[in-house]
Protein chains: 4
Amino acid sequence: MGNTRLTEHYTDSRTKRQQILDAAYEIFSRKGYHQATVDEIIALADTGKGTVYNYFVNKEQLFYTLIKERSSPFETALQQIVDSSEPPLPKIESMIKEYIAFYVVNADLWRVMMHEVRGLGTAGHSNFSEKQRDKYRIWFKSTIGMLEIVLNECIAAGEIRQCDVTKTAYALFSVIVMMVFQKFVSDDIDETAKAVSNVFLYGVTNR
Amino acid sequence: MGNTRLTEHYTDSRTKRQQILDAAYEIFSRKGYHQATVDEIIALADTGKGTVYNYFVNKEQLFYTLIKERSSPFETALQQIVDSSEPPLPKIESMIKEYIAFYVVNADLWRVMMHEVRGLGTAGHSNFSEKQRDKYRIWFKSTIGMLEIVLNECIAAGEIRQCDVTKTAYALFSVIVMMVFQKFVSDDIDETAKAVSNVFLYGVTNR
Amino acid sequence: MGNTRLTEHYTDSRTKRQQILDAAYEIFSRKGYHQATVDEIIALADTGKGTVYNYFVNKEQLFYTLIKERSSPFETALQQIVDSSEPPLPKIESMIKEYIAFYVVNADLWRVMMHEVRGLGTAGHSNFSEKQRDKYRIWFKSTIGMLEIVLNECIAAGEIRQCDVTKTAYALFSVIVMMVFQKFVSDDIDETAKAVSNVFLYGVTNR
Amino acid sequence: MGNTRLTEHYTDSRTKRQQILDAAYEIFSRKGYHQATVDEIIALADTGKGTVYNYFVNKEQLFYTLIKERSSPFETALQQIVDSSEPPLPKIESMIKEYIAFYVVNADLWRVMMHEVRGLGTAGHSNFSEKQRDKYRIWFKSTIGMLEIVLNECIAAGEIRQCDVTKTAYALFSVIVMMVFQKFVSDDIDETAKAVSNVFLYGVTNR
DNA sequence: CATGAATGAGTATTCATTCAT
DNA sequence: GATGAATGAATACTCATTCAT
C-alpha cells in the first residue's frame with residue numbers, strides 16, 4: 001500500500017491466479033473433482049475465497065483452465081513431433097516418450113478428468129456440463145488423432161502392417177496410461193518408452 | 001394369500017432387494033458414486049427410502065454388494081478356465097473372451113468402482129472407507145493374478161517369450177477395458193476377442 | 001399348537017406383554033425416552049415389532065403404562081402410611097423410607113419421565129402430548145400431596161413449626177431424589193432415611 | 001461504509017453469532033436438546049443454516065458454547081464470594097443468592113443440560129459425546145465444590161456441626177434448583193435465599 | 001482487486017408406525 | 001395374536017457461490 005501499489009498489485013494478481021491454479025492442481029489430483037473443496041484449495045493457495053471467483057467463473061471452469069494450461073505445451077510438443085522430419089517409427093517412439101513424460105506428471109489430474117468426462121465416450125450426468133465435456137472430448141481426440149496420423153505414416157511406409165489405426169492408437173494410449181497409473185514407469189523414461197514401443201511395435205510390425 | 005404364502009413372501013422379499021440392486025446398478029453406472037442419490041435409486045426401484053436401509057447398511061455397502069454379486073460369477077468363470085485342461089494359448093483367448101463379456105455388461109459400474117478406489121493403486125481420499133477399498137483392491141488383483149498364472153503357463157510352454165508377466169497382464173487388461181469403454185467391441189465377442197489376442201499375443205510370441 | 005392352544009395363547013399373551021414392559025423399562029432407563037428405540041426394546045423382549053403395537057397404542061403409551069404400573073404399588077404404600085395410626089414424625093420417616101426404596105429401584109426411569117414432563121412445571125414442546133403430561137403431573141402432585149398431609153399433621157401436633165408445607169414437601173422430595181441420583185444412598189435404607197430426616201428436621205447448625 | 005467499517009464488521013459478526021446463541025438458548029430451553037432443531041433455531045435467529053456452521057462446529061458444540069458462556073460469569077461470582085472476607089455463614093447465604101439468581105435465568109437450559117449428562121453421575125447413551133459430557137461434569141463439580149469449601153469453613157468456625165460436606169452441598173443445591181423449577185422463588189431473591197438458608201440451617205422442627 | 005461472512009439447496013440416514021400374512 | 005417388511009417424514013450437516021466492504 002503506497003507508491004508501488006500498482007506494480008505490487010499487478011504482480012500479486014499474477015501470483016494469486018497462479019497460486020490458486022497450483023493449489024487446485026494439488027487438491028484435485030489428490031481428492032478428485034467432487035471431494036476437492038474450494039476451502040481446501042484456498043487454504044493451500046493462501047487466498048480468500050472470493051479471489052477464486054475473481055479469476056474463475058466457478059469450480060468447473062477452474063478445473064477446465066487447469067487442464068487446458070497443463071495440456072497446451074504437451075499438445076504443442078506432440079504436434080512438433082508429427083511435423084518433424086523424423087522417420088515414422090522413431091516418431092512413434094518419441095511420441096510415446098512424450099506421452100509418458102506428460103502422464104507421469106499429470107496422471108492423477110487426468111484420471112480425475114477422464115472419470116468426470118466418463119471415459120470420453122458415454123453420456124450421463126456428471127459434475128461437468130455437457131458443453132464443457134465436449135471440449136474435453138475434442139481435445140482428447142485431437143491428441144489421439146496425432147498418434148493416428150503417425151501410425152498411418154508407418155503403414156504407408158510399410159513399417160507396420162495394415163490395421164485399424166484408431167483402435168491401435170487407443171490401445172497404445174491405454175497401455176501407456178496403465179503403465180503410469182500402476183507405477184510401472186522407471187525413473188528412466190527413455191527406457192520405459194523403449195519397452196512399451198518394443199512390446200507394442202514389434203507385435204504389429206510386418207516381421 | 002394361500003398355500004404359496006411362504007414362497008410369495010420369500011419371492012417378494014427377493015424382489016424388493018433385487019429391485020433396489022437393479023436400480024442402484026442403473027443409477028451408479030450412469031451417475032457415478034457421489035452423484036447417484038438414494039432418492040433417485042428408490043424412485044427407479046419403486047420402494048420407500050427406509051427399505052433400502054433394511055437391506056443395506058448404507059450407500060457404500062449397497063455399492064459394494066452390487067460389485068460383489070456381479071463379480072462373483074465372473075471370478076468363478078475365470079477360475080474354471082485357469083483350472084481347465086485347455087492348452088495355455090487358447091486359455092488366454094478364453095479369458096479375454098470372458099473379460100470382454102463381463103466388461104461389456106458392467107463397464108460403467110466398474111469404471112465408477114475403479115475411480116473410487118483410485119486406479120487401484122494410489123492413496124488419497126475417497127467416498128469409500130480405506131478398509132472397504134482394500135477389499136476391492138484384493139479382489140481386483142486376484143482377477144489380474146489369474147491372467148498372470150496363465151501367462152506363466154504360456155512361458156513355461158514356450159508359447160510366448162520371457163517377459164514381466166505382471167506388466168503384461170495389466171497391459172492386456174488395459175487394452176480390453178479400453179476396447180469396451182470406447183465401444184470398439186462388435187456384437188460378436190468372439191471376433192473381438194480374437195482380434196485382441198491376435199494383436200496382443202502375436203506381438204509377444206516367439207515369432 | 002394343539003389342544004392346549006387356548007391356554008398357551010393366554011399365557012404367551014401375558015408373557016409377551018410383560019416381556020415388552022420389562023425390556024422397555026431397561027431400555028428407557030438406560031437411554032432416555034428419545035434415544036430408546038422400539039427396535040432395541042423388541043430385541044431385548046424377544047418379540048416382533050408388531051406385537052408391541054398390539055398391546056400398546058404407541059411408544060408414548062408404552063412408556064406411560066410402564067410408569068403407571070410401577071408407581072401404583074408405591075402410591076398404595078404411601079397411602080397406607082398416611083392412613084395408619086403412627087404418630088406424625090415417625091410417619092414422615094416411614095414415608096422417606098418408602099420414597100428412597102422406590103427411587104433406588106426406579107431412579108433412571110423417573111428421571112427420564114420427569115425430564116419429558118419438564119420438571120412437572122413449565123410448558124413447551126416435548127415427546128409427550130400435553131394431555132399425557134397432565135396425567136403425570138396430577139399423579140406426581142398426588143404423591144407430593146401425601147407428604148403435605150402428614151406435614152400438616154406434624155404442625156397440628158406441634159412437632160414442627162409453622163411453614164409452607166408445599167414448599168417443604170418439595171424440599172424434602174428434592175433431597176431424597178438427589179440422594180438417590182447421586183448414589184449417596186447406602187445399602188441400609190433405614191440409615192439413609194434417618195440421616196435425611198435428621199438433617200431435614202433439625203438443620204445443620206450446631207443447635 | 002466508511003471509517004467505522006472495521007468496527008461495523010466486527011459488530012455485525014458478533015451480532016450474527018449472538019443472534020444464533022440467543023435463538024439457540026430459547027429453543028434449547030423450550031424443547032430440550034434433541035427436539036430442538038437447527039431449522040427452528042435459524043428461523044428464530046433470522047440467519048441461514050450455513051451461518052450456524054460457520055460459528056459452531058455442530059449442534060453439540062453450539063449447545064456447549066451456550067452453557068459455557070452463560071456459566072462463566074456465574075462461576076466467577078461464586079469464586080469471588082469464596083475468596084471474600086465475609087464470615088462463613090453469610091458467605092453461604094450469598095452463594096445461595098447467587099445460585100438462585102443464576103438458575104432463575106437459566107433453569108430450563110440447565111435442566112436440559114443436566115438431563116443430557118444424565119444426572120451428572122451415571123453412564124449410558126446420550127446425545128453428547130462422552131468427552132463432552134466429562135467437561136460438563138467437571139464444571140458442575142467445581143461449582144458444587146465451592147459450596148463444599150465454604151461449608152468446611154463453617155464447620156471450622158464451629159458455625160455448623162460436623163457433617164458430610166459433599167452430601168450437604170448437594171442437598172443444598174437440590175433444594176435451590178427445586179425451588180426455581182417449581183417457581184417457588186418470589187421476585188425478591190433475597191427473601192427466598194433467606195428462607196432457604198433458614199430451613200437448611202435450622203431445620204423445620206420447633207426447636 | 002482481495003476478502004470472507006452469509007447463504008440455502010442438496011442428501012444420507014433414522015425410526016416410529018402400519019398392515020398383509 | 002404374532003410378525004417383520006415396507007414406509008416416509010424428519011433432520012444435521014456440507015459446500016459452491018455471492019456480494020458488501
Side-chain angles (χ1 to χ4, degrees), chain A residues 5-6 8-10 12-13 16-17 34-42 47-60 62 127, chain B residues 1-2 4-6 8-9 12-13 15-17 34-42 47-60 62, chain C residues 5 8-10 12-13 16-17 34-42 47-60 62 127, chain D residues 1-2 4-6 8-9 12-13 15-17 34-42 46-60 62:
Chain A
R5 196 193 306 175
L6 224 64
E8 270 178 23
H9 219 288
Y10 183 65
D12 267 43
S13 179
K16 282 292 174 197
R17 198 191 116 103
H34 204 110
Q35 298 271 326
T37 68
V38 176
D39 275 325
E40 275 174 308
I41 292 170
I42 61 167
T47 52
K49 200 177 279 199
T51 312
V52 171
Y53 290 87
N54 286 335
Y55 290 106
F56 309 96
V57 310
N58 55 24
K59 192 182 167 188
E60 180 179 351
L62 166 61
N127 294 113
Chain B
M1 208 188 295
T4 56
R5 196 193 304 178
L6 226 64
E8 269 178 24
H9 202 47
D12 265 46
S13 180
T15 295
K16 272 299 175 195
R17 198 190 118 103
H34 203 113
Q35 296 275 323
T37 68
V38 176
D39 276 330
E40 273 175 308
I41 292 171
I42 61 167
T47 53
K49 197 173 288 198
T51 310
V52 171
Y53 290 89
N54 284 338
Y55 289 106
F56 308 96
V57 309
N58 56 24
K59 192 182 166 187
E60 182 177 351
L62 167 58
Chain C
R5 198 193 302 177
E8 268 179 25
H9 219 287
Y10 183 65
D12 266 42
S13 180
K16 283 292 174 196
R17 198 190 116 103
H34 205 111
Q35 298 271 327
T37 67
V38 176
D39 275 326
E40 275 173 308
I41 292 170
I42 62 167
T47 51
K49 199 176 278 198
T51 311
V52 171
Y53 290 87
N54 286 335
Y55 290 107
F56 309 96
V57 309
N58 54 25
K59 192 182 167 188
E60 180 177 352
L62 166 59
N127 295 113
Chain D
M1 209 189 295
T4 55
R5 198 192 306 177
L6 226 63
E8 271 178 22
H9 202 50
D12 264 46
S13 178
T15 296
K16 273 298 173 192
R17 198 190 117 102
H34 203 113
Q35 296 275 321
T37 67
V38 176
D39 275 331
E40 273 176 308
I41 292 171
I42 62 168
D46 195 36
T47 54
K49 195 172 289 195
T51 310
V52 171
Y53 290 89
N54 284 338
Y55 290 106
F56 309 96
V57 310
N58 54 27
K59 193 182 167 187
E60 181 177 352
L62 167 59

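This is a predicted model, so every value here is computed, not measured. Each chain gets a letter, A, B and so on, in the order its sequence line appears, and its residues count up from 1.
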| Can you pull the salt bridge (charged side-chain N to carboxylate O under 4.0 Å, His left out) pairs that have at least one residue in residues 51-60 of chain A, sequence neighbours excluded? | none

| request: Starting from C1' on E:dT7, measure out to CG on D:Asp46 and report it in whole angstrom. | output: 12 Å

| For the pair made of CD1 in A:Ile42 and P in E:dC1, what is the distance, rounded to whole Å? | 19 Å

| said: Measuring only between side-chain heavy atoms, which start at C-beta, is D:Ile41 closer than 4.5 Å to D:Leu62? | reply: yes

| message | Looking at every heavy atom in both A:Glu40 and A:Gln35, which two are closest together, and how far apart are they? | response | OE1-O, 3.6 Å

| Where does DNA chain F pair, written as one dot-bracket string 5' to 3', with Watson-Crick or G-U pairs under 3.5 Å, ( ) inside the strand, [ ] for crossing pairs and | for another strand? | .||||||||||||||||||||

| task | Mind checking salt bridge (charged side-chain N to carboxylate O under 4.0 Å, His left out) for A:Asp39 and listing every partner two or more places apart, or none if nothing turns up? | result | A:Lys49

| task | Verify the contact: side-chain N or O of D:Tyr55 to OP1 or OP2 of E:dA6, cut-off strictly under 4.0 Å; return yes or no. | result | yes

| request: Would you mind building the protein contact string for nucleotides 9-16 of chain F? One character per nucleotide, 5' to 3', B for base within reach (heavy atoms under 4.0 Å), S for sugar-phosphate only, - for untouched. | output: --SSBBBS

| For B:Leu62 and E:dT11, what is the distance between atoms CG and P respectively, to the nearest whole Å? | 16 Å

| Given side chains that start at C-beta, do those of D:Val52 and D:Ile42 come closer than 4.5 Å, heavy atoms only? | yes

| task | Could you check how far CZ of D:Phe56 sits from C1' of E:dA5, rounded to whole Å? | result | 14 Å

| request: Find the distance D:Arg17:CZ to E:dA6:C1' and express it as a whole number of Å. | output: 16 Å

| remark: Looking only at heavy atoms, the pair that brings D:Tyr53 and D:Asn58 closest together is CE2-CA, 3.9 Å

